[in-house]
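Each chain gets a letter, A, B and so on, in the order its sequence line appears, and its residues count up from 1. When reading the values below, keep in mind they use all heavy atoms of this one structure, side chains included, and skip hydrogens, waters and symmetry mates. Worth saying up front: this structure is predicted, and the values here are computed from it rather than measured.
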Amino acid sequence: MRGRVVRAMLLILLSTVMAMLISGCNYKDIDRRIFVVAIGIDPGKAEGTFKVSLKLAIPQGDVTKIDEKMQILTEESESISEALRRMKSKVEKELDYVHCKSVVLGEKIAAKDIRHVVDWAVRRRDIQLIINFAVGRPGALEVLQVKPPSERIPSNSLILAMSGQGTESPFISSVYSYQLMRSIYEKGIDPILPIIEVPEENQFLIDKIALLDKNKIKLVLTPDETRLFNLLSRSDLQTNFPAHIGNGMYQYYTESSSSSYRIVNPPDGEPYIRYTIKIRAILEENSTEEMITHQMLKKINEAGAAELREAVTALLVKIQDSGMDPLGWGLRYGSRHWNNATEMSDWENLYPQLKFQVKADVDVKYSGMIK
Amino acid sequence: MMAKSRYFYCLFLMNSLINIINFTPRELLDTRFDGAQSSILVAVVTGTLFIYLFTKVINKFPGKGLPEIFASALPRLLASPLILIYAVLWYFAGALILLSFVDITLRFVSPDTHPTAVLLGFLAVVCLCSRIDPLSLLYGLEVTLGITLPLILYTTVKAVVNPNFSWDAVLQMMTYSLHPPDMNSIAAATFTFSGYINMAIFNRVFHGLKLKHVWILSLEGLLVLLVTFYVPIGYHGTVGVERHVYTWFTTADSIRIEAFLVERMLYIFYFAYSTLALVSAIIQWHVGKELFLSQLPSTGGKPKAKLRREVVILGIFAGGTLFLMRMDQYNLNMLGVFLLHVRWYGELLLILLLFWCYWIIRRRRA
């Protein structure tokens, strides 16, 4: 009986020691850590070096009385990891990247080659794969320094805006690092990145998309084109589009939207891509004094669809002229063809000859709260 | 006490789910352009066939484990080496799961912890638990599956309904399916079906296994393999997927869950799989330990002597695993792939041996 008790005690002691070993090893409490919330990477002064900036959030106890405390560290080095290690000597606490949510690439980096940075961000084990990538204009550091008055937690505004958890702007497209990695290596799709600008102090603007040819920026879309691109690349984009009838201008708000496409290659005739866009909408603005009748709604539908068709076709032709494939048409072509050895070269020959047919189906269901 | 037939399904399910961790997706994805998909179909057929044959023959020996069956039918000079070889195989199966999971823990959850500390923690749990009697292990397994299965299903559903999931990449992959199957991939994919093999020891608590609907097992295996193979491709692309080491953990890391306690799916996935991996290692080592024990001379029913032997065997198991920690990522993978092959041939041999034993015993009786 006594032997049993002793053995049980020993067992408990052993497991306690084990537990202490596991959790106690190198574990640092939250007050000994600083959380990196955003990483900015610019080219350094010397050729081939990086200027790495970290935006740090300092943990605080009482959430209701938070006074934003943040710090930005900058270090130049020929490698990103070296710069980060050197920055460890600039703070008294351990830098923790687990809560880092965004990587901002300076425009100059994005204009040269992004693959080095993407490889680093995906390879590092403590950086999430659902981190948002963006291009900072004029540089990443300038973007990190932005501190909007509405912000209460450091860098939170950037995180909320880029991930779409806060504002649901039709001009922002969020790109996670796994998506970037996927489209860098995939045949038949090219990466995109949102651009963050700093037009004035403490305010940022994210309304453009950069199209990349696997490793560098080749083309930047205007805000209007960016919105149309988002309409084509995701469903239920919440935005407004215009419809002009005579002198009257109408704006409709999209309640739901969807788009799909088919690549058609008829044996006799020209190959084309047929886009079908379906929008259900509510009228939001009416520049004329007239009441909206059923007849009028139908006219708005037609006018809106025609304008949308024209704008989308122009965007598609612009993308085609750039030679890039941000919407993944090549991958779609490959996924519908079984001749794996030749399909990609077939596609490369086919792509410049493509024509576009856009079928826009705008259905304004309601005139809003008034007729 | 005897176990109900549903615990057989639990053993099967455990093995088919655990394959996602390391070697199976890696081998399948390595040959994704050269026959991984046809290998999956071949593996489903052979896997089901193996299960069918094995359960048929093991049913002829109700309540008997592999050592008892071999002892009653084969000469000792043949039976002992065979049992020892199988014991080593089972040991390695458990050790590899532990080593993979130590690596995964370090990479994804706590990079600051010392590897040996993590392994010691795992070893403590596994060594202590693999001494538990088989029936309790099966009950524990059922409970663990009850906890982890919903989480795994949630991860899978969440992974597939994500709008960023690239279905075009998956379809592009499917256009590569007209390739003759590949040996490595078949060996990897059949691992999904090899949960039945633990019956070599656990049959001691089954008295007459009644299997209904074997097709459910093939269907489940097929679904698991398809998810294992296609979901990472939807996230990392047909080309980019080859760059990831623990494909499924990076896939789980790519899933964001909104409006939930945690934002990263990785933690849920890690919790589910760490539990399942430990239970799986416990069961493998339990079988390994029992096989080794059966080769030692009888203790005459003294519990103290048995305990001492178990401690020695498990001590050797743990020491060996600590030694294997010295392998790097590529060595570990090579050992894993080697084991996948050996295990497959071992299964085939085991089924043939059991049929042979049955034939000998029947002839003796006649």
Task: Donor-acceptor under 3.5 Å (Ser280(B) side chain, Leu276(B) main chain) - done: no
Task: Per-residue contacts, residues 226-239 of chain A versus chain B, heavy atoms under 4.5 Å - done: none
[atom1] ([X]) with more than 12 external heavy atoms under 6.0 Å:
X         : atom1 : result
Lys214(A) : NZ    : yes
Arg125(A) : CZ    : yes
Phe33(B)  : CZ    : yes

- [ ] Identify, with sequence neighbours excluded, every residue that meets salt bridge (charged side-chain N to carboxylate O under 4.0 Å, His left out) alongside Arg332(A).
- [x] Asp168(B)
Hey, which of [options] has the most heavy atom pairs under 4.5 Å with chain A?
options                                    : value
Val125(B), Val109(B), Val170(B), Thr175(B) : Thr175(B)
Glu242(B), Arg107(B), Arg256(B)            : Arg256(B)
Tyr176(B), Trp167(B), Phe108(B)            : Tyr176(B)
Ser254(B), Ala169(B), Ser166(B)            : Ser254(B)
Leu106(B), Asp253(B), Val239(B)            : Asp253(B)

Task: Cationic N near anionic O, under 4.0 Å, Glu310(B) to Arg131(B) - done: yes
- [ ] Can you tell which part of Leu266(B) gets under 4.5 Å to a heavy atom of chain A, answering side chain, backbone, both or neither?
- [x] neither
Open item on the list: Does any backbone or side-chain atom of Met174(B) lie under 4.5 Å from a heavy atom of chain A? Answer side chain, backbone, both or neither.
Closed with: backbone
[X] versus chain B, heavy atoms under 4.5 Å apart: side chain, backbone, both or neither?
X         : result
Gln128(A) : both
Val122(A) : side chain
Tyr176(A) : side chain

- [ ] Any chance you could measure Gln172(B), atom CD, to Ser335(A), atom OG, to the nearest 0.5 Å?
- [x] 6.0 Å
- [ ] Starting at CD of Gln320(A), measure out to CG of Asp325(A) and round the result to the nearest 0.5 Å.
- [x] 10.5 Å
Task: Check against ring pair (Phe, Tyr, Trp, His ring centres under 6.0 Å), Phe269(B) and Tyr273(B) - done: CA-CA 6 Å; Phe269(B) 191 74; Tyr273(B) 269 98; 4.7 Å; yes
TODO: Determine, for Tyr246(B) and Arg26(B), whether the Lys NZ or Arg CZ falls below 6.0 Å from the six-membered ring centre while staying within 45 degrees of the axis.
DONE: yes
Open item on the list: Does the Lys NZ or Arg CZ of Arg32(B) fall within the cation-pi geometry relative to Phe229(B) - under 6.0 Å from the ring centre and within 45° of the axis?
Closed with: no
